[in-house]
Amino acid sequence: MDRLDFATISAYLNGAHLTRWHPPGHEPVLFMSERAVLEPGKAIRGGVPICFPWFGGAGDPSHGFARISPWSAEIGSDDRVSFSLIDNEATRDTWPHAFAATFDVTGGDALKLRFSAKNTGDKPFTFELALHTYLAVADVRNVTLTGFADCDYIDQLDDNRTVTQQGEPTIAGEVDRIYQNHTADVTITDPGLSRCITVKKTGSRSTVLWNPHIAKAKRLDDFGDDEWPQMLCVETANIGDHAVSLAPGASHETTVRIEVDHV
Ligand code: BG6
């Protein structure tokens, strides 16, 4: 598969999928499964899959077609790449809308992501998005999270019941939550790697927190049974009530900035 390598980032044209961000002075920040399947038309386990124009099982394929579509890329100098995807016969088969999506990635000391979608057709549409970021941690059971307290979330493991977060979450079992109306910075303090990762975002009102834990890890073919402690997904998203509606000609932008500091 076509991979693009820059100083601190690597990505595939398949899915405009960022698979590596290795800022100077730190361990790599994105988790990649050793069992990830790197084949055109297949989703890649790890890095930053792009879920668009729907999230999860809201359509077929699961998490939308963007992560398994061939994107084109414009390579900038110095750790920058700009991907684009426009509607084509294959996308219109599953989603009958005219659109232009772009995904800009800038590496370096901080990782900057910018996703935008434009309605290039003559009827309105609504889309969901998740920048399904797999963060690498030493042991997810020992990390400390901030940024979620008092926020309502949809518990995808409990019939999509809405629950209010009491205090900050810990990962003590499978976690699959969509925090709604969530715009706060998230920090992951990881004593094992002596670092703190901060996720800052704009144009996003949902955040998904996901770790498969033991049983679900075993059910995933492209994920090692023992890999779940090494990752945590903090996904910058717009889902459900926060799906984005675009009139003809309108566009919407979501940005993410990820920083990493020694602690
Ligand atoms: C998360 C979902 O975003 O992605 C989970 O909330 C899902 O329910 C996970 O299991 C992984 O999805 P996939 O399709 O990449 O296996």
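None of these values were measured; they are calculated from a predicted model. In this chain, numbering begins with 1 at the start of the sequence shown. We use all heavy atoms of the structure for the numbers below, so side chains are in, but hydrogens, waters and symmetry mates are not.
Side-chain N/O atoms of Ser33 and Glu227 include a donor and acceptor closer than 3.5 Å. With hydrogens and angles left out, the side-chain atoms of Arg205 and Asn181 include a donor and acceptor closer than 3.5 Å. In the model, Thr236 has no side-chain atom that pairs as donor or acceptor with a side-chain atom of Ser204 under 3.5 Å. Residues Asp104 and Ser82 have side chains that bring a donor and an acceptor to within less than 3.5 angstrom of each other. One side chain, Gln180 or Ser206, offers a donor N or O that lies under 3.5 Å from an acceptor on the other. Of the N and O atoms on the side chains of Ser84 and Ser72, at least one donor lies less than 3.5 Å from an acceptor on the other residue. Checking Lys200 against Thr255 by side-chain atom types alone, no donor-acceptor pair falls below 3.5 Å. No hydrogens or angles considered: a donor-acceptor pair under 3.5 Å links the side chains of Asp5 and Ser10.
Placement of Ile214 and Tyr134 within a single hydrophobic cluster is found when ILVMFWY residues are connected by side-chain heavy-atom separations under 4.5 Å, directly or transitively. Hydrophobic clustering (ILVMFWY, side-chain heavy atoms < 4.5 Å, transitive): Val37 and Phe223 are in distinct clusters.
The minimum heavy-atom distance between Ala73 and Leu4, with the atom names listed, is CB-CD1, 3.9 Å. Contact detail for Ile9 and Gly107: the closest heavy-atom pair is CG2-CA, 3.8 Å. Between Glu128 and Ala243 the shortest heavy-atom distance is CG-CB, 3.9 Å. Taking each heavy atom of Pro23 and Val260 in turn, the nearest pair found is CG-CG1, 3.7 Å. Contact between Thr91 and Phe65 at its shortest, heavy atoms only, is CG2-CE1, 3.6 Å. When all heavy atoms of Pro61 and Trp54 are compared, the closest pair comes out as O-NE1, 2.8 Å.
Between the His17 side chain and the Gly46 main chain, a donor and an acceptor come within less than 3.5 Å of each other. With Asn14 contributing its side chain and Lys42 its backbone, the two residues share a donor-acceptor pair below 3.5 Å. Side-chain atoms of His132 never come within 3.5 Å of backbone atoms of His63 as a donor-acceptor pair (strictly under, hydrogens ignored). Remark: side-chain polar atoms of Asp79 are paired, donor with acceptor, to backbone N or O of Thr8 under 3.5 angstrom. With hydrogens and angles ignored, the 3.5 Å screen pairs a side-chain donor or acceptor of Asn119 with a backbone N or O of Lys123. In this structure a side-chain-to-backbone donor-acceptor pair under 3.5 Å is missing from Glu27 to Leu193.
Using a 4.5 Å heavy-atom threshold, the side chains of Cys196 and Thr187 count as touching. Residues His182 and Val186 are in side-chain contact: their nearest non-hydrogen atoms beyond the backbone lie under 4.5 Å apart. Using a 4.5 Å heavy-atom cutoff, the side chains of Val48 and Val256 are not in contact. Residues Val105 and Trp21 fail the side-chain proximity criterion, which asks for heavy atoms closer than 4.5 Å. Using a 4.5 Å heavy-atom cutoff, the side chains of Leu129 and Val244 are not in contact. Put simply, the side chain of Ile44 reaches to within 4.5 Å of the side chain of Leu38, judged on heavy atoms. Side-chain contact check for Met231 versus Pro212: some heavy-atom pair is nearer than 4.5 Å. Counting heavy atoms from C-beta outward, Phe83 and Thr102 have side chains that stay 4.5 Å or more apart.
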- Given the rule in the side chain to side chain donor-acceptor pair (under 3.5 Å) test, do Thr164 and Asp152 qualify, once you have shown the distances and angles that lead to the verdict? CA-CA 4 Å; Thr164 302; Asp152 284 352; 2.6 Å; yes

Set out, in order, the CA-CA distance, both residues' side-chain angles and the distance that settles side chain to side chain contact (heavy atoms under 4.5 Å, CB included) for Arg141 and Trp228, then state yes or no. CA-CA 10 Å; Arg141 291 164 288 198; Trp228 63 269; 3.8 Å; yes

Report the C-alpha separation of Arg92 and Asp87 in whole Å, then their side-chain angles, then the decisive distance to 0.1 Å, and conclude whether the side chain to side chain contact (heavy atoms under 4.5 Å, CB included) test is met. CA-CA 6 Å; Arg92 286 190 296 270; Asp87 61 287; 2.5 Å; yes

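Aromatic ring pairs are classed by plane angle as parallel below 30°, tilted from 30° to 60° and perpendicular above 60°; the pair Phe127 and Phe115 is tilted. Aromatic ring pairs are classed by plane angle as parallel below 30°, tilted from 30° to 60° and perpendicular above 60°; the pair Phe103 and Trp71 is perpendicular. By the 30° and 60° cut-offs, the orientation of the rings of Phe125 relative to His97 is tilted.
The environment of Glu168 atom CD is dense: over 12 non-hydrogen atoms of other residues, nucleotides or ligands sit within 6.0 angstrom. Atom CG of Asp241 has 12 or fewer neighbouring heavy atoms from other residues, nucleotides or ligands inside a 6.0 Å radius.
Among residues two or more places apart in sequence or in another chain, the side-chain contact (heavy atoms from CB on, under 4.5 Å) test is passed with Arg177 by Tyr153, Gln165, Pro169, Val175, Tyr179.
Among residue pairs with one or both ends in residues 209-222, those qualifying as side-chain hydrogen bond (donor to acceptor under 3.5 Å, both in side chains) are Arg45-Asp222; sequence neighbours excluded.
Of the listed residues (Leu131, Thr207, Leu145), just one forms a side chain to side chain contact (heavy atoms under 4.5 Å, CB included) with Val234, and that residue is Thr207.
For Phe99 and Phe52, the gap between ring centers is short of 6.0 Å.
The pair Asp159-Arg161 does not meet the salt-bridge criterion, since no charged nitrogen lies less than 4.0 angstrom from a carboxylate oxygen. Note on Arg80 versus Asp78: no salt bridge recorded, every NZ/NE/NH1/NH2 to OD/OE distance being 4.0 Å or above.
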